Amino acid sequence: MSIELSLSQKISETVNRLYNTNVEASDVQIQNTLPEFKGDLTCVVFPFLRFSKKNPVQTGEEIGTLIVDEMEEFTGFNVIKGFLNLELSVANWGEILNSIASNESYGSIKLDVPKTIMVEYSSPNTNKPLHLGHIRNNFLGYAVAEILKSNGNKVYKTQIINDRGIHICKSMISWQKFGNGATPESEGLKGDHLVGKYYVEFDKHYKAEMADLIEKGLTKDEAMQEAPLFKEAQVMLKKWEDGDKEVTTLWRKMNQWVYDGFKTTYEAMGVDFDQLYYESNTYLLGKKVVDEGLEKGVFYRREDGSVWCDLTADGLDEKLVLRKDGTAVYMTQDIGTAIERDNDFKIDGMIYTVGNEQEYHFKVLFLILKKLGYDFHEGLFHLSYGMVELPSGKMKTREGTVVDADDLIKNMVETATKATEEKGKLEGYTEEEKVEINRMVGMAALKYFLLRVDPKKGMVFNPEESIDFNGNTGPFILFNCVRIKSLIRKNNSFDFEGVVVLEVSEKEKALISKLNDYEKVLEQAGENYNPALIANYSYELAKEYSQFYASHYILNEGNEDLRNFRLNLSNQVGRFLEKALNILGIEVPERM
RNA sequence: GGUUGCGUAGCUCAGCUGGAUAGAGCAUCUGCCUUCUAAGCAGACGGUCCUAGGUUCGAGUCCUAGCGCGAUCACCA
C-alpha cells in the first residue's frame, strides 16, 4: 500500500477517535509538502475544524502528535496555518524507491476486465498531402492509444480512409484535364503532393468559372452549383458509385499514388495502424443502415428523395443522411464504419481523434447511432482537439501558408543535425548512426512541442522561429535520458537491492516522490485522453533530475552506499522518462 | 443569433479537478565547463490569472452575468 494511502487511513482513524466523528479516508487531503516548508507530506486540516471545534494549529498538533507516535514511517511534524507537515524517515524514502525499482510491472496498469477500445486517428482526405494539423492529429491519436494500452486496455489503432467522395473526383477531373498524363515518377513528386497539386488546380479553375457566372448575374450559391467543373465532378461521383470502369480505374491509380506518399510520411512520423477501413466499402453498409432506419422511422424521406434525420427534439437540427440522387454523404459512411467496427471487434469504446470543427458532426453521429439502437454508442468519444494556427492566423491553402508535414519533419531533422554538428557531439559515430540519432532528436522536438499542449486548446506554431531544442523541449528530456544511460554504461554492475540509504537530500526526495506519481499521472492521462499530462510529467521529472545531476556527485561519490543509491535513483528516473516518452511516440537514443 | 471551447508574465504554455507567497520555457541581463554529456546549472527581471458579482475557512480553479477570440449550425468531407 502506498504511504499516502496508509497515512490518509490513519488520519481518518485518528480524527474519528479524537473528535468522535466519522471522516472517510478518501476525504482526507494529502499532498506533497511545498519545497519551502519542512516536511514531506502535508495534510490539510481545515476540513476537520468543524469537528475539533479548535483552531487550525491546535487541531494539526493534536493529529500530528498521534501520527508521529503511532506510525513509525514518520519522524516529526510541524503545523503552519492549517497545514500539517509530516516528515518521512530516511529509511522510508529508500523503501519507496526500492519498491518501485523491484517492481517490474510498475507503470503498466492491469485491469481485471480490460476494455476493447479502438482509437481512430489521421483519416486524411486522399486528395492532398498531410500538413501540420494532421501531424498534431497523428501524434495525439498515437499517444492516446498508447496511454490506453498502458492503462490495461486492449487497443486497436484504426483509420478511415476517405477514399471516395466529391473531393476525390475534383482531383481526378483536374488531372484528366490539366495533367497531360503526369505521374509521380515523371514529375519526381511524392504521389500525395502530385494529387494535391491537381486538387489546387481544380479549385483555381472552379473559382474562375464561378466568378464568370456571378458576373452573368447568378448568386454565389447558384454559381457554386452551376459551374461546369463542379457539374463534371458530380457526374463523375455518380459514375463512380455506379461502378463505371474507366472512373474506377483512374480512381485506383490516383489513390495508390496518395497511399504511397502517405506511407512515407507515416513512417517518418512513427505512427502505425492495426486495422484500416475504407470509406469506399463502409458507405455501402451506411446506405443499408439508412434503409433500415427509414423502416424503423428513425429517418424520413423528403419529396425530392433525400433522406433526413429529425433531431430537433434533441435540440439539434435536421440532418441529411442521403442525398436526393441517392449518393452517400459524410454521415452515411461514418454510420456504416462505426457499425462495421463493432461487428469486427465488439468494441467497448471508440475514440475519434478529429478536430474540434467537427464537434457537431460527432454529436449528431452518436445520437443517430443511439436512435438506431446500437448499444455501443455509449462508449463513443470524440477526442476533439484545437487547430494549430500560425501567428498570422489559420493556415490557408489558397494563400500558401499551409505548413507541409514532409517539409516540417525534414526541417526538424536538419535543425537537429546542425545543432549536433556544432556541438561536436557525435564524433566517432558512423554516418548511419548520426542520421538515426538526429532523426530521433528532431522528431522528439516536434512531438513534444505538439503534445505538451492540452489537446482541446488551440495552439500557435511560428514557422519563423523553428521549434526550440533548449528548455522545456523534447531534446532536453532526451538529454537527461542520455546522461543517465551514460552513467549506467560506465557502471554496469551495481546491486540496488542491498543498498543502505544513509541520507536523502531534498532533490532526491523530490525525484522519488515524482517516480511515485507515475501511475497516478498515467491513469489521469487515460481518464482525460490527455497526452499533455504525460508530456508535462516527463519534463518535470527531467528538470528535477537535471538539477539533481548538477548538484550531486553520482559516479564520483566516494561513499559506496550513497553512490549506489544515487545510481539506482538515476536508473529509475531513466526508466520512467523513457517509458513516458515511448508512450508519446518519442524514441530515446543511446547518445546525443 | 443558438450551441460550444478558450482567455494566466512581452511570447509559447503548465497549474495535480477548491488549498500555503500563481509556475516553467523562450526573450533580456549576470555568473558557472582541469569531476559523471553545458541541448545543462544557479541567479536577476517579468502577473489586475479578461471584467463584475456570488458560493466557502479558502477561488486562477466552482456558479451567474458581461467582454474578447475561435469553432460550428451545408445535398463539403
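A quick note: this is a predicted structure, and the numbers were derived from the prediction, not measured. Numbers restart at 1 for each chain; the letters A, B, ... are given by sequence-line order, proteins then strands.
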Hey, what are the protein-to-nucleotides 56-61 of chain B N/O distances that come in under 3.5 Å?
none

Identify, with sequence neighbours excluded, every residue that meets ring pair (Phe, Tyr, Trp, His ring centres under 6.0 Å) alongside [X].
{"X": "A:F449", "result": "A:F461"}
{"X": "A:W251", "result": "A:W240"}
{"X": "A:F262", "result": "none"}

Applying side-chain hydrogen bond (donor to acceptor under 3.5 Å, both in side chains) to A:S26 and not counting sequence neighbours gives none

Check: protein-nucleotides 31-35 of chain B nitrogen or oxygen pairs below 3.5 Å:
unit_1 : atom_1 : unit_2 : atom_2 : d
B:U35  : O2'    : A:N556 : ND2    : 2.5
B:U35  : O2     : A:N556 : ND2    : 3.0
B:U35  : N3     : A:Y553 : OH     : 2.5
B:U35  : O4     : A:Y553 : OH     : 2.4

Might you list the N or O atoms of the protein lying below 3.5 Å from N or O atoms in nucleotides 39-42 of chain B, with each pair's distance?
unit_1 : atom_1 : unit_2 : atom_2 : d
B:A39  : OP1    : A:K425 : NZ     : 2.4
B:A39  : OP2    : A:K423 : NZ     : 3.4
B:A39  : O4'    : A:K423 : NZ     : 3.3
B:A39  : O4'    : A:N470 : OD1    : 3.4
B:A39  : O3'    : A:N470 : OD1    : 3.2
B:G40  : OP1    : A:G471 : N      : 2.9
B:G40  : OP2    : A:N470 : OD1    : 3.4
B:G40  : O3'    : A:S546 : OG     : 2.8
B:G40  : O2'    : A:R483 : NH2    : 3.1
B:G40  : O2'    : A:S546 : OG     : 3.3
B:C41  : OP1    : A:S546 : OG     : 3.3
B:A42  : OP1    : A:Q547 : NE2    : 3.3

What is the nucleic acid contact for A:K456, judged by heavy atoms within less than 4.0 Å: base, sugar-phosphate only, or nothing?
sugar-phosphate

Expected list for residues 163-173 of chain A near RNA chain B, using heavy atoms below 4.0 Å, is A:I166, A:H167

Taken to the nearest whole Å, NZ/A:K363 to P/B:U4 is 6 Å

Residues passing the side chain to side chain contact (heavy atoms under 4.5 Å, CB included) test with A:K220, sequence neighbours excluded, are A:M210, A:I214

Residues passing the side chain to side chain contact (heavy atoms under 4.5 Å, CB included) test with A:H205, sequence neighbours excluded, are A:F178, A:E201, A:L229

From the candidates B:C13, B:U72, B:U37, the one with an atom nearest any side-chain atom of A:E357 is B:U72

List every contact pair, protein side and nucleotides 14-17 of chain B side both N or O, where the distance is under 3.5 Å.
unit_1 : atom_1 : unit_2 : atom_2 : d
B:A14  : OP1    : A:D454 : N      : 2.5
B:A14  : OP2    : A:K457 : NZ     : 3.1
B:C16  : O2'    : A:Q524 : NE2    : 3.3
B:U17  : O4     : A:N528 : OD1    : 2.9

side-chain hydrogen bond (donor to acceptor under 3.5 Å, both in side chains) pairs touching residues 451-460 of chain A, sequence neighbours excluded, are A:D454-A:K456

In A:F381, A:Y121, A:Y385, the residue satisfying ring pair (Phe, Tyr, Trp, His ring centres under 6.0 Å) with A:Y529 is A:F381

